[in-house]
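One structure below.
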Amino acid sequence: MIKLDLSRAFCKEQMANYENKIQTIHQMIQNKTGLGNDFLGWLDYANGLDSSFLEKIQSLANKVREECEVLVVIGIGGSYLGARAAIDAINGLFKKDRLEIIYLGNTLSPYYVSQVVEYLKDKKIAVNVVSKSGTTIEPAIAFRFLKPLVEKVWKERAHEFIFATTDQQKGALKPLADSKGYTTFIIPDDVGGRYSVITPVGLFPMACAGLDIKAFIEGVKAAMVTYRQPHNIAYQYALTRYLHFKNKQSVEFFINYEPHLNMFNEWLKQLFGESEGKQNQGLLPASLCFTTDLHSMGQFCQEGHDIFFETTLRLRNYQGDITIPEMENDADHLNYLVNKKISYVNDIAIDSTLKAHCLGHRSNIVIELEKLDEYHLGELFYFFMVSCACSAYLLEVNPFNQPGVEVYKKEMKELLKK
């Protein structure tokens, strides 16, 4: 269950003035009549997933887990961010006894790419290449490096360990996959990349990482019911963001207190930045991980330029915990915390930071998650997707296109061909 706490946000009293506008947007979303409505397939996508399809994904993932040492997910932007965010959120950063997952095709860094290729030599690898067109520079180049590695290790079985997640008909990847006999997963035509984590784009890597994808989809389905109602917290959050924007607070800091949620913040930055950043509109999405960043950005958050507000993601129950031990002679003067859980200290840090930033006149939205498992994570992804659609419609921009991204791609291809 997700809870939205707006008690530290400045604009609660103004929200009633936008009731009619929010209800109009609700109808636009549910009836698929707004800008970009041909990309609203994610709204009810989960209802079309039958158990046999999820079982097929799980069966293939089990094979990868049993026979391979490493899965390489090749993709950029929405083709990998959702999956990586989900895997880190559930598995943490140091879980033992699992398939190693590496991400490639998300950078052109010569050092990173060469290190990954060198590391993978002679390892039993599987590759999941995720690209709707099959021609995006970063993943296409990465696949050129990894395809021969898979073929060298697995020889005549190589086709069993290359999985293509791509368009059903268009693009360069599907014909190649068909000719080579790769297993193919389809990216729906009506679901954009940054909304695709609930499709095979996210589900197959998640299953390979050992996540319970059935529970994840059940969480999505539960959220579909909740956020189909005309009055819901996803719209409240979207409206609160919009009112901050109108108040010249043009930066939103997404804040968590868990390093394994940093990639979830990266997914949020793409979701909102790519959906809203058009026609000189949109909040600038940024992210911080406290308490770490309190020792670098805490001063700015407390007393810096008032161009931002904060959205804090708070967990009410942690996935792991540890008890603080006693130190001989109490050298650090912290023995009063002996036998306390570190979660107790973290919770105090959250409460203290919220109070301090309120004293500094910083507006803070708090999104509380009861616990972080696959079911609740599915709900959380869907909550933000609905919020983002509403936020963009409040700004009167298309939430689902990204015309600006194509500009650099066009320029880059022209320069490379020269």
Side-chain angles (χ1 to χ4, degrees), residues 21-50 53 75-83 130-136 139 164-175 184-203 217 220-221 223-225 227-230 232 234-235 238 242 267-268 270-279 281-282 378 381-410:
K21 191 174 183 69
I22 289 295
Q23 293 314 305
T24 298
I25 290 173
H26 171 71
Q27 294 301 322
M28 289 166 54
I29 294 173
Q30 295 302 322
N31 297 329
K32 301 183 179 180
T33 57
L35 291 169
N37 56 73
D38 51 337
F39 277 91
L40 275 165
W42 55 271
L43 266 178
D44 48 14
Y45 176 81
N47 278 343
L49 291 175
D50 58 41
F53 179 68
I76 195 165
S79 295
Y80 92 104
L81 275 174
V130 186
S131 176
K132 203 158 193 175
S133 69
T135 59
T136 303
T165 308
T166 187
D167 191 272
Q168 187 168 10
Q169 295 179 328
K170 301 186 294 291
L173 190 52
K174 184 65 165 65
T184 304
F185 300 111
I186 301 304
I187 304 173
D189 289 336
D190 55 359
V191 179
R194 55 191 178 276
Y195 297 83
S196 66
V197 64
I198 62 175
T199 76
V201 172
L203 294 176
I217 290 298
V220 172
K221 288 181 178 179
M224 287 169 55
V225 175
Y227 302 118
R228 190 162 286 161
Q229 304 305 313
N232 63 67
Y235 294 158
Y242 176 72
W267 177 78
L268 286 172
Q270 186 203 4
L271 179 70
F272 285 101
E274 203 166 66
S275 298
E276 294 184 328
K278 297 150 195 173
Q279 303 169 27
Q281 299 286 337
F381 272 114
Y382 197 85
F383 164 84
F384 278 114
M385 287 154 64
V386 172
S387 297
C388 184
C390 182
S391 290
Y393 283 143
L394 281 165
L395 295 170
E396 299 182 356
V397 299
N398 185 341
F400 309 114
N401 67 351
Q402 52 278 340
V405 178
E406 304 307 318
V407 178
Y408 103 86
K409 289 183 179 179
K410 178 176 179 292

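One distance of note links NZ of Lys132 with CD of Gln168; it measures 10.5 Å at 0.5 Å rounding. In this structure, CG on Asp189 lies 7.5 Å from CZ on Phe39, to the nearest 0.5 angstrom. How far CD1 of Ile217 is from CD1 of Ile198: 6.5 Å, rounded to the nearest 0.5 Å. Considering CD of Glu274 and CZ of Arg194, their distance stands at 4.5 Å, rounded to 0.5 Å. The CE atom of Met28 lies 5.0 Å from the OH atom of Tyr393; values are rounded to the nearest 0.5 Å.
Under a 3.5 Å cut-off, the side chain of Tyr382 and the backbone N or O of Leu43 do form a donor-acceptor pair. Proximity of a side-chain donor or acceptor of Asn401 to a complementary backbone N or O of Pro403 within less than 3.5 Å is not detected. Judged by distance alone, with hydrogens and angles left aside, the side-chain atoms of Gln281 form no donor-acceptor pair with the main-chain N or O of Glu276 at under 3.5 Å. Side-chain atoms of Asn31 never come within 3.5 Å of backbone atoms of Thr33 as a donor-acceptor pair (strictly under, hydrogens ignored). Side chain of Thr166 to main chain of Ser131: a donor-acceptor pair is present (N/O by atom type, distance under 3.5 Å, no hydrogens or angles).
In this structure, Ile22 and Cys390 have side chains that are in contact, with non-hydrogen atoms separated by less than 4.5 Å. Here the side chains of Tyr195 and Ser275 are in contact, with some heavy-atom distance below 4.5 Å. Residues Met224 and Asp44 form a side-chain contact, since some pair of their non-hydrogen atoms from C-beta on lies under 4.5 Å apart. Contact of the Thr136 side chain with the Lys409 side chain is registered, since non-hydrogen atoms from C-beta on lie closer than 4.5 Å. Side-chain contact between Leu394 and Lys21: present, with at least one pair of heavy atoms (C-beta onward) separated by less than 4.5 Å. Asp38 has its side chain out of reach of Asp190: every pair of non-hydrogen atoms, C-beta onward, lies at least 4.5 Å apart. Residues Gln30 and Arg228 have side chains in contact (heavy-atom distance under 4.5 Å, counting atoms from C-beta outward). Proximity of Asp167 to Lys174: side-chain heavy atoms (C-beta onward) are nowhere separated by under 4.5 Å.
Residue Pro200 comes nearest to Phe185 through the heavy atom pair CB-CB, 3.6 Å, listed as atom of the first residue, atom of the second, then distance. Contact detail for Leu35 and Pro399: the closest heavy-atom pair is O-CD, 3.7 Å. The shortest heavy-atom contact between Ile29 and Leu40 is O-CD1, 3.8 Å. Taking both residues in full, the closest heavy atoms of Val386 and Ala234 are given as CG1-CB, 3.8 Å, listed atom of the first, atom of the second, then distance. Between Cys388 and Leu271, the shortest heavy-atom distance links the atoms SG-O, 3.4 Å. The heavy-atom pair separating Gly75 from Tyr80 by the smallest distance is O-CD2, 3.5 Å.
Ring-plane geometry between Phe384 and Trp267 is classed as perpendicular, the angle between the planes exceeding 60 degrees on a 0 to 90 degree scale with a lower cut at 30.
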Side chain to side chain contact (heavy atoms under 4.5 Å, CB included) evaluation trace for Thr165 with Thr199: CA-CA 10 Å; Thr165 308; Thr199 76; 5.9 Å; no
Begin with the C-alpha distance, continue with both residues' side-chain angles, and end with the deciding distance and a verdict on side chain to side chain contact (heavy atoms under 4.5 Å, CB included) for Ser391 and Phe272. CA-CA 9 Å; Ser391 290; Phe272 285 101; 4.2 Å; yes
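Summarising the local packing, CD of Glu396 is surrounded by 12 or fewer heavy atoms from other residues, nucleotides or ligands at distances under 6.0 Å. Within a 6.0 Å radius of CD in Gln169, no more than 12 heavy atoms belonging to other residues, nucleotides or ligands are found. Counting heavy atoms of neighbouring residues, nucleotides and ligands inside a 6.0 Å radius, atom CD of Gln23 exceeds 12 of them.
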